[in-house]
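Notes follow the structure.
Treat the numbers as computed from the prediction; the structure is a model and nothing was measured.
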Protein chains: 2
Amino acid sequence: MKMTGGVEWGLHCCVVLSSATEPVAAAKLAELHDVSATYLAKQLQLLSRAGLVRSAPGQSGGYLLTRPATEITVLDVVEAIDGPQPAFRCTEVRQRGPMAVPPDRCDTPCPIAAVMDTADRAWRESLRAVTIGAIAATVAATTPGELLDRARVWLSA
Amino acid sequence: MKMTGGVEWGLHCCVVLSSATEPVAAAKLAELHDVSATYLAKQLQLLSRAGLVRSAPGQSGGYLLTRPATEITVLDVVEAIDGPQPAFRCTEVRQRGPMAVPPDRCDTPCPIAAVMDTADRAWRESLRAVTIGAIAATVAATTPGELLDRARVWLSA
DNA sequence: TCATTGCGGATAACTTTTGTCCGTGATGAT
DNA sequence: ATCATCACGGACAAAAGTTATCCGCAATGA
């Protein structure tokens, strides 16, 4: 089981955008993080479709967050890029084979699927509890101020 | 993000094995669940390597649980088949690009990775809290007794 | 002795992820 | 007005992971 790598990129981009006052071009975000520009563009488009970021075309265009970073959860970004589907998908094996239980007796959900679903909810709940703003605050608190300043300058250059 | 389908098969097999007194052949488990016999064999080998099931070669051989089903958690099966790796893998993007923070300043873990790690722990904790025995009990309680009897007969036949 | 069964490796089909490329349209600077 | 810059979307291709299949081997019990 592996999450798409785009999630990591998307989260880093949102953290960067949380301290941006002017639109930041996709190419700039890609260069900053040293990742494929064309592929990152795809992920940003997903964020855009999900309504997490706003895009401005044309010269001096780029991306900005649509709302305060403290109102965007990690789960928002994960679901925007990775999709809302749970990792486990029940294929109803109990309804197959020689001992198949008839569909009309399957009123209760498969217990196995129920367990996986509970775990998935716990996972999502955990991701929902943290915002981009909180992550940005941690970054600000743990990296040397000089580095942060340089980054800010580099971004607007 | 998608979990390997073998996890579902492995869980169903463990539930079946929890009420078996004699070894059950891999081919039989495959037929019972109507899945690929050769591929299921691979998953069972993973369970075997993880020490969850014991295998007996030769005629009238097959698989049995190594311990009571109440002492095997869903997480045990998931990790045996899907591997122990967390879904999110930090690639340390902060150490890349023109604004890379030097490795020696990365004493604290990447906040993004930390969030994902916490969520992963919550997920695993949730799966650890449920045993195969508990699932088997639910199955026993929600399926008609006649069906259970037929299955038991079919298994030993 | 022999059929049955699990084990491990090699292999291939298939799907998903990752990444590129190009044309289009919108925007602002000159 | 024109032009370079940018996001958007689709088509496409490469790489990785999943889902199988097949084979020879070793072990076991009938």
Side-chain angles (χ1 to χ4, degrees), chain A residues 1-10 13 17 20 22-31 33-66 78 80-83 85 87-89 91 93 155 157, chain B residues 1-10 13 17 20 22-31 33-66 78 80-83 85 87-89 91 93 155 157:
Chain A
M1 185 174 50
K2 181 170 169 284
M3 183 179 308
T4 62
V7 169
E8 186 179 14
W9 299 4
C13 285
L17 290 178
E22 294 168 17
V24 182
K28 199 143 213 173
L29 289 169
E31 189 188 354
H33 294 129
D34 186 27
V35 296
S36 156
T38 55
Y39 190 40
L40 178 64
K42 296 290 187 196
Q43 321 297 340
L44 290 170
Q45 283 170 29
L46 291 174
L47 293 180
S48 177
R49 275 181 228 166
L52 300 181
V53 302
R54 185 177 68 83
S55 67
Q59 209 158 297
S60 78
Y63 290 96
L64 276 181
L65 296 184
T66 55
V78 168
I81 293 181
D82 209 53
Q85 297 185 330
F88 179 89
R89 296 158 210 185
T91 61
V93 301
L155 261 186
Chain B
M1 186 175 51
K2 182 167 169 285
M3 184 179 309
T4 63
V7 169
E8 185 179 14
W9 298 5
C13 285
L17 290 179
E22 295 168 17
V24 182
K28 199 143 212 172
L29 288 169
E31 188 188 354
H33 294 129
D34 187 26
V35 296
S36 157
T38 55
Y39 190 40
L40 179 64
K42 294 291 187 197
Q43 321 297 338
L44 290 171
Q45 284 170 29
L46 291 174
L47 293 180
S48 177
R49 274 181 229 168
L52 301 180
V53 302
R54 185 176 68 82
S55 68
Q59 209 158 297
S60 77
Y63 289 97
L64 275 181
L65 297 184
T66 53
V78 168
I81 294 181
D82 210 53
Q85 298 184 330
F88 179 90
R89 294 158 212 186
T91 60
V93 301
L155 261 187

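One donor-acceptor pair, N or O on each side, does fall under 3.5 Å between the base of dG10(D) and the side chain of Lys42(A).
Rounded to whole Å, the distance from CG on Asp34(B) to P on dA20(D) is 11 Å. Lys2(B) places its NZ atom 9 Å from the C1' atom of dT15(C), with the value rounded to the nearest Å. Atom P of nucleotide dT18(C) and atom CD1 of Ile81(A) are separated by 11 Å, given to the nearest angstrom. For Leu44(B) and dA20(D), the CG to C1' distance is 15 Å, given to the nearest whole Å. When the P atom of dT16(C) is taken as reference, atom CD of Gln85(A) falls 10 Å away, rounded to whole Å. Between Glu22(A) atom CD and dT5(D) atom C1' there is a gap of 15 Å when expressed in whole angstrom units. Between the CG atom of Leu47(A) and the P atom of dA7(D) there is a distance of 13 Å, given to the nearest Å. Across the protein-nucleic acid pair, Leu46(B) atom CG and dG9(C) atom P stand 12 Å apart, rounded to whole Å.
For Ala26(A), the listed nucleotide lying nearest its side chain is dA7(D); candidates were dT20(C), dG29(D), dA7(D). Nearest nucleotide to the side chain of Thr38(A), out of dC21(C), dG28(C), dA7(D): dC21(C). Closest contact between the side chain of Gln59(A) and the listed nucleotides dC7(C), dG28(C), dG9(D) involves dG28(C). Side-chain atoms of Tyr39(A) lie closest to dT20(C) of the nucleotides dT18(D), dG28(C), dT20(C).
Between dC7(C) and Ser48(B), a contact under 4.0 Å exists linking OP1 or OP2 to a side-chain N or O. Using a 4.0 Å cut-off, no side-chain N or O of Arg49(B) falls inside it from OP1 or OP2 of dC7(C). In this structure, Ser55(B) reaches the dC7(C) phosphate: one of its side-chain N or O atoms is under 4.0 Å from OP1 or OP2.
If you find the closest nucleotide of DNA chain D to Ala56(A) and to Ala56(B), the one lying nearer the 5' end belongs to Ala56(A). Both Gly58(A) and Ser36(A) sit near DNA chain C, but only Ser36(A) has its closest nucleotide nearer the 5' end. Comparing Pro57(A) and Met3(A), the nucleotide of DNA chain C nearest to each residue sits closer to the 5' end for Met3(A).
At least one side-chain heavy atom of Leu40(A) sits less than 4.5 Å from a side-chain heavy atom of Cys13(A). Taking the side chain as every heavy atom from C-beta outward, Val93(B) and Asp34(A) never approach each other to under 4.5 Å.
Residue Val7(B) comes nearest to Ile81(B) through the heavy atom pair N-CG2, 3.8 Å, listed as atom of the first residue, atom of the second, then distance. Summarising the geometry of Thr66(B) relative to Gly51(B), their closest heavy-atom pair is OG1-O, 2.8 Å, with the distance given to 0.1 Å.
A donor-acceptor pair under 3.5 Å is formed between the side chain of Glu8(A) and the backbone N or O of Thr91(B).
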